[in-house]
Number of protein chains: 4
Amino acid sequence: MSVNTSHIPSTKEQLIDAAVHIFHQKGFQKTRISDIVSEAGVAQGTFYLYFRSKEEIFRQINTAHMNRFVKVFEETDLLFAGDDIQAIRKNIHHFLNKLLEIYKQNVHVSELLFREGIGHGGLFKEIHENFFDSFISLLRKHMKRDIPPDHFHFEDAETIAVFLLGVFERSASYFMLMQKQFNTEKLAGRMTDFMLNGLQLNSANHGRQLNLK
Amino acid sequence: MSVNTSHIPSTKEQLIDAAVHIFHQKGFQKTRISDIVSEAGVAQGTFYLYFRSKEEIFRQINTAHMNRFVKVFEETDLLFAGDDIQAIRKNIHHFLNKLLEIYKQNVHVSELLFREGIGHGGLFKEIHENFFDSFISLLRKHMKRDIPPDHFHFEDAETIAVFLLGVFERSASYFMLMQKQFNTEKLAGRMTDFMLNGLQLNSANHGRQLNLK
Amino acid sequence: MSVNTSHIPSTKEQLIDAAVHIFHQKGFQKTRISDIVSEAGVAQGTFYLYFRSKEEIFRQINTAHMNRFVKVFEETDLLFAGDDIQAIRKNIHHFLNKLLEIYKQNVHVSELLFREGIGHGGLFKEIHENFFDSFISLLRKHMKRDIPPDHFHFEDAETIAVFLLGVFERSASYFMLMQKQFNTEKLAGRMTDFMLNGLQLNSANHGRQLNLK
Amino acid sequence: MSVNTSHIPSTKEQLIDAAVHIFHQKGFQKTRISDIVSEAGVAQGTFYLYFRSKEEIFRQINTAHMNRFVKVFEETDLLFAGDDIQAIRKNIHHFLNKLLEIYKQNVHVSELLFREGIGHGGLFKEIHENFFDSFISLLRKHMKRDIPPDHFHFEDAETIAVFLLGVFERSASYFMLMQKQFNTEKLAGRMTDFMLNGLQLNSANHGRQLNLK
DNA sequence: CATGAATGAGTGTTCATTCAT
DNA sequence: AATGAATGAACACTCATTCAT
């Protein structure tokens, strides 16, 4: 089952590819339609056959990419469920790895989404909010189903969502930037460790003193 | 040593205050010099007596604010040091609380810094990077001094910095947005818990099984 | 000789009908070819199989309609001729009624012709001028033939033409706009009265004084 | 009491003068802001210091000019009042002459107003409608005050307004176009004759027959 | 005959920056 | 120091027209 590598891209696809590239390079505001069309190799007017405005193509690109993540959210049945902590760890690791893979396969759009989706006095806030809400729903569902209330330190899904997303977004974009092509397995592992156990200074301290001032 | 509360703001201060306000509302790109001067109540040309360009005032504002955080970094001598885990917890809690207080006292600039400092194809990347590097230095110093290498799960300061900053930035901006005026003590506490111990699903599991699928 | 009411319109007719409609709605400049073809239900390119340009279809429409009026001019043999003033009045009434009927049967085009035919820095001035010249010729012919020079207050046909056309055009378009479907007989009557006798303040004054300040 | 002929025109006046000129030459749609500013001898951006848009300057110009006519309407106390028909004739002649003088002193704007104020699917319809309504009011007031109902052939002011305006507008623009600088006194006289008595075929026919076919 | 995707010149409007007063 | 009128480069978007199929 091979992917058709000799795929002839439609004009719309060419425009989207070019747009992703330039948006990533320059950001939304500094990107000119003329940049996009010249990279796509079509005329100015052609752009407007496919997109009503600069905002629309940006929104389309980001929404589409966001939905890739949301799809993973929706397809995840195991997260906090498992016979023991190792099983749970494995679920989470797997989950994070899938997200990182998507991030990696579309680095430019990913960075775009997390960058411009947040900023700008909220011009595109709704895109990211959508993604965020979807993640909270996921957490809520799994927490309610799989974790006895008294076994969980943090009561509300919202707080957890913020913490976890903070870790995920920052890590993904940072390491992606640093080591251009990164090892998702390894990063997913470290993120899982941190999410489940934090810095683990305590476990490190078993039976002896930390050195002190 | 009292602060002069009936301080008559200089023209430059008026411009900065106005700029912070508008930058926060509209973002850097959408902010017009005319917005700033009209809010500051001065003439268009006056702006250029104090700032060479729109970029410069933005940079000045953000750099100044960033330095507030950096100052806290530099003044922190206790972080991972302490007789027991409770002492360490207290240090970190204190540290986070100080940062949150600064964040809170200048919400607009804070949000600006974390938003636009990251995005924009890196127009202002350096500002945030400066802040980031400073934080890494802090961590490295304290880790090296206070934690025996074999007692620490995560070997490199960089990874930890990314994780911790992710949690901090996201949480601060999110909860600031939600609950307009928030309780820094409480948030610092939750952040400390998460940073030190993660979700604590394992500790919750003492002596019994998690429910399972 | 019956008109085929179940006439299937050709593509060209569809284009013209659509064009009349949109031109009337939006005016020449604001009408887009895309409006016309989409209303006609044909493709963009099809337009250019029948018309060289937007100007051409406009000119064709208006010229054709103008010729309907010109035809009436040419077919009119009685205007100022008659045994007495009543006969003349009847001729003029009949003449105006015929023009109004044409106006009414093609309101959209009529309004178009009188609106845009005049304006626009003269882009289509010639169309209206043609119509105007034709009307002057008519007047000149009938005046010369039927009115003894010394019996006529206004010496030149041109002035009369301007006066009469002013009354006709303005009235037709105004009352057409107001009372959507209007009574041509009645309007023709009033116009005839005004054209022949003016406001008739004097005749109203027979045997008594107008009231005075 | 001499007009200051060495008046230095403000930038706004220069823009308006240029705009009137070009609007008159090319019509509203075909006029480019770049035409206006280059004729006014200022930069592109300067235009927008004084007018929000092309539409606004057009509206300002036309409204201002329309108000010149409206002012005459409002300042007219004698129209249909008078001891005899000659007095009335004189009033009307005077009234028309004043309007024609205004028309003449601002030919370009006048033509603009009557051309584009009417057409264009109503983009600027309201301007002309305002003028029209104002004229109807004038007529109504004078008719009610000065003419006994049974002495007047045409009952409603609206119809008369349409007839009279038709004559005025058409004549003014036509003769203005033909004989560049025209004799307002003479034209006003002819218009008065026509308005009061029509073509006067009947008076011409006193005591003898018109020749007939 | 018909299609409709592609073209690209054209233009209104914005806004950071300058400078004479 | 302060003003604010003037600048002009820059850019998103429109739409009549073409042409390969």
Side-chain angles (χ1 to χ4, degrees), chain A residues 10-12 14-15 28-38 40-58, chain B residues 10-12 14-15 28-38 40-58, chain C residues 10-12 14-15 28-38 40-58, chain D residues 10-12 14-15 28-38 40-58:
Chain A
S10 70
T11 301
K12 185 169 184 177
Q14 280 176 303
L15 281 168
F28 176 76
Q29 297 280 2
K30 293 212 143 192
T31 292
R32 283 167 282 148
I33 300 295
S34 65
D35 294 332
I36 297 176
V37 294
S38 93
V42 298
Q44 275 293 106
T46 304
F47 178 89
Y48 293 90
L49 291 178
Y50 298 96
F51 306 98
R52 233 188 303 284
S53 66
K54 196 169 87 164
E55 242 184 84
E56 194 185 271
I57 192 177
F58 187 88
Chain B
S10 70
T11 301
K12 183 167 185 178
Q14 280 177 304
L15 281 168
F28 175 76
Q29 296 282 4
K30 292 212 141 192
T31 291
R32 285 166 281 154
I33 301 295
S34 67
D35 293 332
I36 297 175
V37 294
S38 96
V42 299
Q44 193 84 351
T46 305
F47 179 89
Y48 290 88
L49 294 177
Y50 298 96
F51 306 98
R52 224 189 310 280
S53 69
K54 194 167 85 160
E55 250 186 73
E56 193 185 273
I57 193 176
F58 187 89
Chain C
S10 70
T11 301
K12 184 168 185 177
Q14 280 176 303
L15 282 169
F28 175 75
Q29 297 281 3
K30 292 211 142 192
T31 292
R32 285 167 281 155
I33 301 295
S34 66
D35 293 332
I36 297 175
V37 294
S38 96
V42 300
Q44 192 85 352
T46 305
F47 179 90
Y48 291 87
L49 293 177
Y50 298 96
F51 307 97
R52 224 189 310 283
S53 68
K54 194 168 86 162
E55 250 185 72
E56 193 185 273
I57 192 176
F58 186 88
Chain D
S10 71
T11 302
K12 185 169 185 177
Q14 280 176 302
L15 282 168
F28 176 76
Q29 296 280 2
K30 292 211 144 191
T31 292
R32 283 168 281 148
I33 300 296
S34 66
D35 294 333
I36 296 176
V37 293
S38 94
V42 299
Q44 278 289 110
T46 305
F47 179 89
Y48 292 90
L49 290 178
Y50 299 95
F51 306 98
R52 234 188 302 286
S53 66
K54 196 168 89 165
E55 241 185 83
E56 193 185 272
I57 193 177
F58 186 87

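Here is how names work: the chains are called A, B, and so on, in the same order as the sequence lines, proteins then strands, and each is numbered from 1.
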Working for side chain to side chain contact (heavy atoms under 4.5 Å, CB included), residues B:Ile33 and B:Tyr48: CA-CA 10 Å; B:Ile33 301 295; B:Tyr48 290 88; 3.9 Å; yes
Heavy-atom closest pair, residues B:Phe28 and B:Lys54: O-NZ, 3.1 Å
Nearest-angstrom distance from the residue atom CZ of A:Phe58 to P of F:dA12: 14 Å
N or O in side chain of A:Tyr48 less than 4.0 angstrom from F:dT14 OP1/OP2: no
Nucleic acid contacts - residues 31-38 of chain D versus DNA chain F, non-hydrogen atoms under 4.0 Å: none
CD1-OG1 distance between C:Ile36 and C:Thr46, expressed to the nearest 0.5 angstrom: 13.0 Å
Between C1' of E:dG10 and NZ of D:Lys54, the distance in whole Å: 12 Å
Nearest-angstrom distance from the residue atom NZ of D:Lys12 to P of F:dA6: 12 Å
Every protein N/O within reach of nucleotides 1-5 of chain E N/O, cut-off under 3.5 Å:
| residue | atom | partner | partner atom | Å |
| --- | --- | --- | --- | --- |
| E:dA2 | OP1 | C:Thr11 | OG1 | 3.2 |
| E:dA2 | OP2 | C:Tyr50 | OH | 2.4 |
| E:dT3 | OP2 | C:Ala43 | N | 3.1 |
| E:dT3 | OP2 | C:Thr46 | OG1 | 2.8 |
| E:dG4 | N7 | C:Gly45 | N | 3.0 |

Base-pairing string, 5' to 3', of DNA chain E - Watson-Crick or wobble, under 3.5 Å, | interstrand: .||||||||||||||||||||
C1' gap between E:dC1 and F:dT21, integer Å: 13 Å
Smallest separation among heavy atoms of A:Gln44 and A:Ser34, with atom names: OE1-CA, 3.2 Å
Distance, rounded to the nearest Å, where B:Gln14 contributes CD and F:dA2 contributes C1': 13 Å
Length of the line joining C:Gln29:CD and F:dT14:P, which is rounded to integer Å: 17 Å
Working for side chain to side chain contact (heavy atoms under 4.5 Å, CB included), residues A:Ile57 and A:Phe47: CA-CA 9 Å; A:Ile57 192 177; A:Phe47 178 89; 3.8 Å; yes
Contact summary for C:Val37 and C:Ala43, nearest pair of heavy atoms: CG1-O, 3.7 Å
Rounded distance (Å) that lies between atom C1' of E:dG10 and atom NZ of D:Lys30: 12 Å
Least distance between heavy atoms, A:Tyr50 atom then A:Glu56 atom: O-OE2, 4.0 Å
Distance, nearest 0.5 Å, that separates OG of C:Ser10 from NZ of C:Lys12: 8.0 Å
Length of the line joining B:Phe51:CZ and E:dT18:C1', which is rounded to integer Å: 18 Å
